[in-house]
Amino acid sequence: MKSIVIYYSYGGNTRHVAEKVAAAIGADLAEIETVKPYTGSYDHVVEQGQKEVNSGFQPKIRQINTDLSKYDTVILGTPVWWYTFAPAMNSFLHSEDLSEKSIHPFATNGGWIGHTFKDFENACKGATVHVGLNVRFNEDEQITSDDEIQKWVKQIAK
């Protein structure tokens with residue numbers, strides 16, 4: 001069986017980390033994309049994101065065209081939106097059966113991780129959800145060291 005990194009990235013930070021993780025373990029890579037992209041100013045998207053998170057909104061996402069039955073290990077990456085995973089990740093988690101998979105979540109953020117990893121545990125019923133990786137950014141500058149990311153990745157590869 002194989003590994004896959006599935007991620008949603010609004011500004012590019014999560015994509016950057018997902019690519020590093022996939023390259024380090026030779027995993028396949030798939031991006032979650034919303035049918036209707038978020039547009040407008042940063043402040044507008046933040047406000048929209050807060051409303052969506054608070055209401056449990058699940059935006060329509062494009063199919064990732066990946067047969068998940070080929071993978072036993074799924075690495076999930078998301079930016080933190082209002083202390084949890086992004087609404088697009090919420091849509092993905094509600095549309096796919098990840099039971100009996102080994103799930104390794106990571107989250108990118110510039111503030112507080114909130115309850116993101118607990119929410120992954122709750123959303124991935126029947127899966128084994130491992131300790132997540134919190135990757136901090138200051139805007140586009142990665143604060144969490146690449147060494148820390150690689151340490152986490154080595155746990156996946158065991």
Side-chain angles (χ1 to χ4, degrees), residues 3-62 64 66 73-94 96 98 102-124 127 129-158:
S3 299
I4 186 168
V5 178
I6 301 173
Y7 69 95
Y8 171 74
S9 187
Y10 169 69
N13 291 341
T14 307
R15 176 181 300 109
H16 180 72
V17 176
E19 290 169 348
K20 285 181 185 183
V21 171
I25 61 173
D28 291 339
L29 193 62
E31 182 175 10
I32 299 167
E33 297 176 280
T34 55
V35 170
K36 182 180 175 188
Y38 291 93
T39 59
S41 70
Y42 176 80
D43 289 339
H44 172 78
V45 173
V46 167
E47 183 178 318
Q48 179 181 350
Q50 182 179 25
K51 289 176 184 172
E52 290 180 2
V53 167
N54 290 342
S55 69
F57 180 71
Q58 297 175 25
K60 290 184 180 176
I61 58 173
R62 299 184 191 285
I64 61 169
T66 298
T73 300
V74 179
I75 298 105
L76 297 172
T78 183
V80 175
W81 285 29
W82 294 99
Y83 318 116
T84 189
F85 41 69
M89 179 60 71
N90 190 28
S91 296
F92 174 79
L93 293 172
H94 281 88
E96 298 292 340
L98 298 177
S102 180
I103 306 295
H104 298 268
F106 72 87
T108 59
N109 68 93
W112 186 52
I113 190 79
H115 39 83
T116 304
F117 295 133
K118 182 53 105 177
D119 292 344
F120 270 115
E121 288 177 28
N122 292 334
C124 296
V129 181
H130 299 271
V131 174
L133 175 67
N134 177 17
V135 184
R136 297 284 315 273
F137 279 83
N138 181 3
E139 294 186 18
D140 293 337
E141 180 187 351
Q142 183 180 309
I143 304 301
T144 302
S145 71
D146 281 345
D147 287 346
E148 192 172 333
I149 294 170
Q150 291 305 315
K151 221 187 306 185
W152 181 76
V153 167
K154 285 180 184 173
Q155 297 302 310
I156 298 170
K158 284 185 178 180

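Keep in mind that the numbers below use all heavy atoms, side chains included, and drop hydrogens, waters and symmetry copies.
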Is a donor on one side and an acceptor on the other found under 3.5 Å between the side chain of Trp152 and the backbone of Val131?
yes
Any side-chain heavy atom of Val35 within less than 4.5 Å of one from Pro59?
no
What are the two closest heavy atoms between Ala30 and Ile4, and how far apart are they?
CB-CD1, 4.0 Å
State, with a plain yes or no, whether a side-chain heavy atom of Ile61 is found less than 4.5 Å away from one of Glu33.
no
Taking side chain as C-beta onward, heavy atoms only, is Leu76 less than 4.5 Å from Phe106?
no
Measure the CG-CD distance between Asp119 and Glu121 for me, rounded to the nearest 0.5 Å.
9.5 Å
Flag the pair Thr34 / Lys60 as yes when at least one side-chain heavy-atom distance between them is below 4.5 Å, and no otherwise.
no
Test item: Gln142 side-chain N/O and Thr144 main-chain N/O as donor-acceptor pair under 3.5 Å:
yes
Just how far is it from atom CZ of Phe57 to atom OG of Ser91, taken to the nearest 0.5 Å?
7.0 Å
Atom pair CD1/NZ of Ile149 and Lys154 - distance to nearest 0.5 Å
13.0 Å
What's the verdict on side chain to side chain contact (heavy atoms under 4.5 Å, CB included) for Thr66 and Asp28, showing C-alpha distance, side-chain angles and the deciding distance?
CA-CA 10 Å; Thr66 298; Asp28 291 339; over 6 Å; no
Do you know the tightest heavy-atom contact between Trp112 and Val80?
O-CG1, 3.7 Å
Glu31 and Ile64: which non-hydrogen atoms are nearest, and at how many Å?
O-CG2, 3.7 Å
Non-hydrogen atoms of Gly40 and Val45 that approach each other most closely
O-CG2, 4.2 Å
With sequence neighbours left out, what residues match Gln48 under side chain to side chain donor-acceptor pair (under 3.5 Å)?
Glu52
Under the side-chain hydrogen bond (donor to acceptor under 3.5 Å, both in side chains) criterion, do Thr108 and Thr14 qualify, and how do the steps go?
CA-CA 6 Å; Thr108 59; Thr14 307; 2.6 Å; yes
Check whether any side-chain heavy atom of His104 sits under 4.5 Å from a side-chain heavy atom of Val74, and report yes or no.
no
Could you tell me the separation between the CG atom of Leu98 and the CD1 atom of Ile6, rounded to the nearest 0.5 Å?
7.0 Å
If we ignore hydrogens and angles and just use 3.5 Å, is the side chain of Thr78 paired with the main-chain N or O of Ala86 as donor and acceptor?
yes
Is the Phe85-Phe120 ring centre distance short of 6.0 angstrom?
yes
How close do Gly49 and Trp82 get, counting heavy atoms only, and between which atoms?
C-CD1, 3.8 Å
Between Val21 and Tyr7, is there a side-chain heavy-atom distance shorter than 4.5 Å?
no
Could you tell me whether the side chain of Asn54 reaches within less than 4.5 Å of the side chain of Gln50, counting heavy atoms only?
yes
Within-4.5 Å side-chain heavy-atom neighbours: Arg136 and Asn109:
yes
Under a plain distance cut-off of 3.5 Å, with no hydrogens placed, do Ser102 and His130 share a side-chain donor-acceptor pair?
yes
dist Glu141:CD -> Asn13:CG (nearest 0.5 Å) comes out at 10.5 Å
Residue pair Tyr10 / Pro79: nearest heavy atoms and the distance that separates them
N-CG, 4.5 Å
For the CG atom of Asn90 and the CD atom of Gln58, what is their distance to the nearest 0.5 Å?
4.5 Å
